[in-house]
Amino acid sequence: MPKNNTQGLNGAVGKLPEMLTASRFYLELKLDDSEEPVDGIFLECKGFKRSQEVVEFSEVTPQQWGSKPAKVGRIVRTKIPGHAKTENIVLRRGMTNSLTLWKWFNAVEEGNWGQQLRDGSLVIYDQAGNEQARFEFRGAWPTRYSAMDVSANSSEIEIEELELAVEILRRTQ
């Protein structure tokens, strides 16, 4: 039997899902007016998080046993889903001589953020290089740009970081 197959309780043979490694990904941004063939290959992505608020409400219900009238009430708490929230995404990469990300940040800073909303996706690959998971985001705009401190004694790669506010984050196939 192949090592990636398993036999279930009912005797059926199925393929186990592959564990994906976090080190094999490619982040793609679609930026209008880009002068570069590739806008960004990123070393690190943080903040691919989406959460659902919990709204809790309480009501008092009569506490009645059989046919006797209630003299006291009972508090019943109910939890329901509230607003969905997407966290900001933080992208880190080795700095290049491209000004595309800086120009994008600067355009938002100058008050043109409505025209600067962008979409993108984070793709995670398996060990064979096949796409296994895709997270798409919509309506992103840069909220923060930073570059690593520099030192004449260092031989490290200069890192730039861009934080994006994101309206929608979805996992797709």
Side-chain angles (χ1 to χ4, degrees), residues 4 15-57 78-173:
N4 202 21
K15 191 172 182 181
L16 289 173
E18 182 176 350
M19 299 298 260
L20 303 176
T21 60
S23 64
R24 291 184 55 95
F25 71 90
Y26 176 81
L27 185 75
E28 175 181 273
L29 290 175
K30 297 292 184 186
L31 301 176
D32 292 341
D33 303 327
S34 174
E35 300 168 4
E36 307 300 324
V38 176
D39 289 319
I41 297 175
F42 294 91
L43 303 172
E44 186 177 328
C45 308
K46 294 181 182 178
F48 276 80
K49 298 176 187 168
R50 186 145 169 95
S51 61
Q52 184 86 35
E53 289 181 359
V54 176
V55 177
E56 184 175 324
F57 66 92
T78 304
K79 294 180 181 181
I80 61 171
H83 296 289
K85 179 182 178 184
T86 301
E87 299 290 324
N88 287 354
I89 297 172
V90 179
L91 309 172
R92 297 184 74 203
R93 74 173 188 174
M95 185 180 278
T96 67
N97 58 1
S98 169
L99 294 175
T100 302
L101 297 179
W102 177 257
K103 287 179 181 179
W104 186 29
F105 176 77
N106 196 47
V108 171
E109 189 177 41
E110 291 175 352
N112 297 324
W113 73 272
Q115 295 81 27
Q116 298 303 319
L117 299 178
R118 300 292 179 263
D119 302 337
S121 59
L122 171 70
V123 179
I124 300 173
Y125 297 92
D126 63 13
Q127 293 302 314
N130 302 312
E131 181 177 322
Q132 296 297 309
R134 177 180 290 266
F135 294 88
E136 293 183 351
F137 55 89
R138 305 267 183 250
W141 55 274
T143 65
R144 182 176 53 87
Y145 175 92
S146 63
M148 190 172 86
D149 295 340
V150 295
S151 170
N153 295 331
S154 176
S155 61
E156 295 180 9
I157 296 173
E158 181 63 22
I159 301 294
E160 66 181 339
E161 187 174 275
L162 190 68
E163 182 174 341
L164 304 177
V166 177
E167 292 177 0
I168 298 172
L169 175 67
R170 290 200 173 99
R171 182 166 177 186
T172 61
Q173 279 296 349

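Values below: all heavy atoms of this structure, side chains included; hydrogens, waters and symmetry mates excluded. Note that this is a predicted model, so its numbers are computed, not measured.
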Partner residues of Ser154 under the side-chain contact (heavy atoms from CB on, under 4.5 Å) criterion, sequence neighbours left out: Ser151, Glu156
With a 4.5 Å heavy-atom cut-off, do Arg144 and Ser146 have their side chains touching? yes
Side chain to side chain, Phe135 and Thr172, heavy atoms closer than 4.5 Å: no
Those residues that, when tested against Phe105, pass ring-ring contact (aromatic ring centres under 6.0 Å, His included) (two or more places apart): Trp102
Charged N-O contact under 4.0 Å between Glu44 and Arg93: no
Sequence-distant partners of Ser51, side-chain contact (heavy atoms from CB on, under 4.5 Å), two or more places apart: Lys85
I'd like to know if Arg92 pairs up with Glu161 as an ion pair, taking the criterion as any Lys NZ or Arg NE/NH1/NH2 lying under 4.0 Å from an Asp or Glu carboxylate oxygen. yes
Give me the atom names and distance for the closest heavy-atom approach of Pro81 to Gln52. CB-NE2, 3.6 Å
Could you give the distance from CZ (Arg171) to CG (Leu122), rounded to the nearest 0.5 Å? 10.5 Å
If you count the non-hydrogen atoms of other residues, nucleotides and ligands that lie under 6.0 Å from CZ in Arg170, is the total more than 12? no
Could you give the distance from CG (Leu162) to OH (Tyr145), rounded to the nearest 0.5 Å? 8.0 Å
Would you sort out whether Trp104 and Arg118 count as a side-chain contact (heavy atoms from CB on, under 4.5 Å), showing the intermediate values? CA-CA 10 Å; Trp104 186 29; Arg118 300 292 179 263; 3.4 Å; yes
Would you find a donor on one side and an acceptor on the other, under 3.5 Å apart, between the side chain of Asp119 and the backbone of Gly139? yes
Mind checking side-chain hydrogen bond (donor to acceptor under 3.5 Å, both in side chains) for Glu131 and listing every partner two or more places apart, or none if nothing turns up? Arg134
Please determine whether the number of non-hydrogen atoms from other residues, nucleotides or ligands lying under 6.0 Å from atom CD1 of Ile80 exceeds 12. yes
Over all heavy atoms of both residues, which pair between Leu169 and Arg50 is shortest? Give the atoms and the distance, please. O-CD, 3.2 Å
Is a salt bridge present between Glu87 and Lys49, judged by a nitrogen-to-oxygen distance below 4.0 Å? no
Ring-plane angle category for Trp141 and Trp113, please: parallel below 30°, perpendicular beyond 60°, tilted otherwise. tilted
Just to verify, what does Thr143 make a side-chain hydrogen bond (donor to acceptor under 3.5 Å, both in side chains) with, not counting sequence neighbours? none
side-chain contact (heavy atoms from CB on, under 4.5 Å) partners for Ala107, two or more places apart: Gln116
Report the distance from atom OG1 of Thr96 to atom CD of Glu160, rounding to the nearest 0.5 Å. 6.0 Å
So, do Met95 and Ile159 sit near enough that their side-chain heavy atoms are less than 4.5 Å apart? no
Atom CZ in Phe48, atom OG1 in Thr86: separation rounded to 0.5 Å? 10.5 Å
Do His83 and Val55 have side-chain heavy atoms sitting under 4.5 Å apart? no
Decide if atom CG of Asn130 counts as having more than 12 heavy atoms of other residues, nucleotides or ligands within a radius under 6.0 Å. yes
Under a 4.5 Å cut-off applied to non-hydrogen side-chain atoms, are Val166 and Asn88 in contact? no
